[in-house]
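Taking it in order: structure first as structure tokens, then the write-up.
Note that the coordinates shown come from a computational prediction; the quantities given were computed from them, not determined experimentally. All values below were derived from every heavy atom in this structure, side-chain atoms included, with hydrogens, water molecules and symmetry-related copies excluded. Along the sequence shown, residues are numbered consecutively beginning with 1.
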Amino acid sequence: MDAVEQGLRRVIGDGNEPDRRVEGLDDDALLELHRSLVLLRTYDERSVVYHRQGRIGTYAIYRGHEAIQAGLVHALERRDWIFPSYRDSAIGLLRGLPAATVLQWWRGHPSGWWNPEDVNVASICVPIATQVPHAAGLAWGLALKGSDAVAAVLFGDGATSEGAFHEGANIAAVVKAPLVLVCNNNQWAISTPLSAQTAAARLADKAVGYGMPGLRVDGHDVLSVYEAVREGVARARAGEGPTFVEAVTYRSAPHATADDPSLYIDPDRVAAEQERDCVALYEAYLTRLGLLDDARIDSVREEALATMRAAIQAAEDEAPPDPELVFSHAYANPPASLAHDLEELRRVHA
Ligand SMILES: Cc1ncc(C[n+]2csc(CCOP(=O)(O)OP(=O)(O)O)c2C)c(N)n1
Ligand SMILES: [Mg+2]
């Protein structure tokens, strides 16, 4: 454990501190959270395989970050909004978005674009931090309309160095937007380590500059993420404005399927981090509570695997998109050059 990970809030005991229970989470809720974690993990594991098999395109792996996504979703109500980054592409599964839809997104199929209002999950943002001002604006709009719904936005450590993060965090605090900003500090921005990204000792310290509280939690501990986000949600719903949550993790998987981290990452550190895997940590916690055993773990995993088998089948059964769609929807009055390009495309296809 290095300096970044010291003094983090935890619910799951770490050997020094004992396990805690989170107030308001009964046994059923704890087991539901486990199903969410396993569904996300299974989606991610299968996606890496589908990529290797050439069945989906480049994919941003989130192994080890499921606790942030599941903890966040469970701390929200269904009417609350979620703004994911590419790292959280499958978070909508926890809102009932079909896995086939998310797979289609990574297959470049137009049916991979869902209507955000169906699930209160915004489109995935790939340009770093651009989802932060989107989330701040929507949250502010909710408040202006008199709704008590809130929004939560996910982004990385690298995103906190972007102008869009600054602008979004700043305006959210000024207008007291009902927003929870959740930073997955996995200590890497592709091959740029945290130390080369920022001179701040702790990312949560940045919250002070915006005039909002900053919480730091162990991002491998799904319950500590849940607890912190729930605090932020309570503040937001009470009209007290945004909260920044820094969830400290470590990116022990490649940045994406197109990355070779062996060129820049320390394999011993990766192995040590994998020992603190978020799904295994939570399963051990539930087992200590007497809520989980191997048979239940197997059945939850089998259910998630069946979901994924059906999803890839459904995605691949769908008719391929019309390539001419590339030319649609970008311009009200397309420039003449596009007509020429479209003609050329038709000629090549013929
Ligand atoms: C505006 C912008 N600049 C650069 C990139 C290229 N890029 C893709 S991922 C990434 C790293 C982002 O790191 P972080 O915010 O920590 O998120 P993580 O990938 O670790 O989840 C960069 C720089 C981009 N997508 N968008
Ligand atoms: Mg990062």
Whichever hydrophobic residues join [X] through chains of side-chain contacts under 4.5 Å:
X: Ile190; answer: none
X: Tyr331; answer: Val326, Phe327, Leu338, Leu342, Leu345
X: Val49; answer: none

State, yes or no, whether a side-chain contact exists between [X] and [Y] at a heavy-atom distance under 4.5 Å.
X: Val48; Y: Arg63; answer: no
X: Glu324; Y: Arg346; answer: yes
X: Asp218; Y: Arg9; answer: no
X: Thr160; Y: Lys206; answer: yes
X: Leu281; Y: Asp277; answer: no
X: Arg79; Y: Ser147; answer: no
X: Asn185; Y: Arg251; answer: no

Gap separating the CZ atom of Arg301 from the CG atom of Leu39, nearest 0.5 angstrom: 12.0 Å

Pair [X]-[Y], side-chain donor/acceptor within less than 3.5 Å:
X: Glu231; Y: Thr243; answer: no
X: Asp259; Y: Tyr264; answer: yes
X: Ser161; Y: Gln197; answer: yes

Applying side chain to side chain contact (heavy atoms under 4.5 Å, CB included), name anything that partners [X], two or more places apart in sequence or on another chain.
X: Asp260; value: Ser262, Leu263
X: Ala207; value: Met212, Phe244
X: Leu31; value: Leu286, Leu291, Leu292, Arg296
X: Arg347; value: Glu344

Sequence-distant partners of Phe165, ring pair (Phe, Tyr, Trp, His ring centres under 6.0 Å), two or more places apart: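 Applying ring pair (Phe, Tyr, Trp, His ring centres under 6.0 Å) to Phe165 gives Phe155, Tyr210.
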
Ring pair (Phe, Tyr, Trp, His ring centres under 6.0 Å) partners for Trp81, two or more places apart: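 Here no residue qualifies.
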
Any donor-acceptor N/O pair, Arg237 side chain to Pro178 backbone, under 3.5 Å: no

Test salt bridge (Lys or Arg N to Asp or Glu O under 4.0 Å) applied to Glu32 - qualifying residues, sequence neighbours left out: Arg35

Minimum heavy-atom distance between [X] and [Y], given as atom pair plus value:
X: Trp114; Y: Val121; answer: NE1-O, 2.8 Å
X: Ser224; Y: Arg10; answer: CB-CA, 3.9 Å
X: Val119; Y: Arg95; answer: O-NH1, 3.0 Å

Pairs touching residues 14-53 that satisfy ring pair (Phe, Tyr, Trp, His ring centres under 6.0 Å), sequence neighbours left out: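 Of all non-adjacent pairs touching residues 14-53, none passes ring pair (Phe, Tyr, Trp, His ring centres under 6.0 Å).
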
Any pair counted as ring pair (Phe, Tyr, Trp, His ring centres under 6.0 Å), so long as it reaches residues 52-75, sequence neighbours left out: Tyr59-Trp106

Pair Arg309 + Glu302, salt bridge at N-O below 4.0 Å: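 Looking at Glu302 together with Arg309, the answer is yes, because their closest N to O distance falls below 4.0 Å.
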
Under-4.0 Å salt bridge between Asp27 and Arg21: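 Yes, this pair counts.
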
Glu246 vs Arg202, salt bridge (charged side-chain N to carboxylate O under 4.0 Å, His left out): CA-CA, chis, key distance, verdict: CA-CA 9 Å; Glu246 177 188 0; Arg202 301 155 0 136; over 6 Å; no

